[in-house]
Amino acid sequence: MEGLRAALQIDPANARVTAHLGRCLADYALKQNSDLDVTRRARGEADFLTTRALKLAPANDEVKKLRDEVVELLKIKTELIPK
């Protein structure tokens, strides 16, 4: 996860890196059982990052897939956005 954070600092507009970091954070949030604040922060960041990635590259299938996985894993309610 730290490698993805470093890559994002170098290229903050890289939609694929952004989406992959969001996906990793979603996994982390699901595994985190002890600290509710850490879990909430990871969930929120996963949602934000994958949403941002989709805005950066709305036609990228990999980004769409990662966003869909995060939405499903974290059971995020999303507004319907026309494609």
Side-chain angles (χ1 to χ4, degrees):
M1 191 163 22
E2 293 311 312
L4 288 170
R5 283 193 189 279
L8 194 57
Q9 287 180 339
I10 293 168
D11 186 5
N14 187 317
R16 289 180 61 236
V17 170
T18 303
H20 278 282
L21 179 56
R23 179 63 168 86
C24 286
L25 284 163
D27 286 337
Y28 180 76
L30 292 174
K31 294 175 185 171
Q32 183 65 281
N33 291 326
S34 58
D35 190 340
L36 282 173
D37 288 335
V38 172
T39 300
R40 264 189 230 119
R41 190 169 32 254
R43 288 175 59 88
E45 195 173 358
D47 183 25
F48 171 80
L49 287 172
T50 54
T51 299
R52 182 171 188 279
L54 200 53
K55 288 178 183 175
L56 289 169
N60 185 303
D61 289 336
E62 183 178 4
V63 170
K64 288 180 196 175
K65 177 182 166 281
L66 291 165
R67 173 61 184 164
D68 289 344
E69 288 174 9
V70 168
V71 167
E72 186 176 324
L73 281 172
L74 300 181
K75 303 197 184 338
I76 297 171
K77 293 181 182 178
T78 61
E79 295 180 25
L80 292 178
I81 300 171
K83 294 185 179 188

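Not measured: the values here are computed from a predicted model.
Between the Arg67 side chain and the Ala53 main chain, no donor and acceptor come within less than 3.5 Å of each other.
Taking the charged nitrogens against the carboxylate oxygens, Asp68 and Lys65 have no contact shorter than 4.0 Å, which rules out a salt bridge.
Heavy atoms only, all atoms of each residue included: Arg40 and Asp37 are closest at NH1-OD1, 3.2 Å. A pairwise comparison of heavy atoms in Ala42 and Ala29 identifies CB-CB, 3.8 Å as the closest pair. Closest approach of Lys64 to Pro58, counting heavy atoms only: CE-O, 2.9 Å. Of all the heavy atoms in Thr18 and Pro12, the pair that sits closest is OG1-O, 4.1 Å. Of all heavy-atom pairs between Ala13 and Leu56, the closest is O-CD1, 3.7 Å.
Annotation: the span from Arg23 atom CZ to Leu74 atom CG amounts to 9.0 Å, rounded to 0.5 Å. Between Glu69 atom CD and Asp27 atom CG the span is 8.5 Å, to the nearest 0.5 Å.
Remark: Glu45 engages Arg5 in a side chain to side chain donor-acceptor pair (under 3.5 Å) (not counting sequence neighbours).
Taking the side chain as every heavy atom from C-beta outward, Leu73 and Leu30 approach each other to under 4.5 Å. Using a 4.5 Å cut-off on side-chain heavy atoms (C-beta onward), Leu49 and Val70 make no contact.
Of the listed residues (Leu8, Thr50, Leu66), just one forms a side-chain contact (heavy atoms from CB on, under 4.5 Å) with Leu21, and that residue is Leu8.
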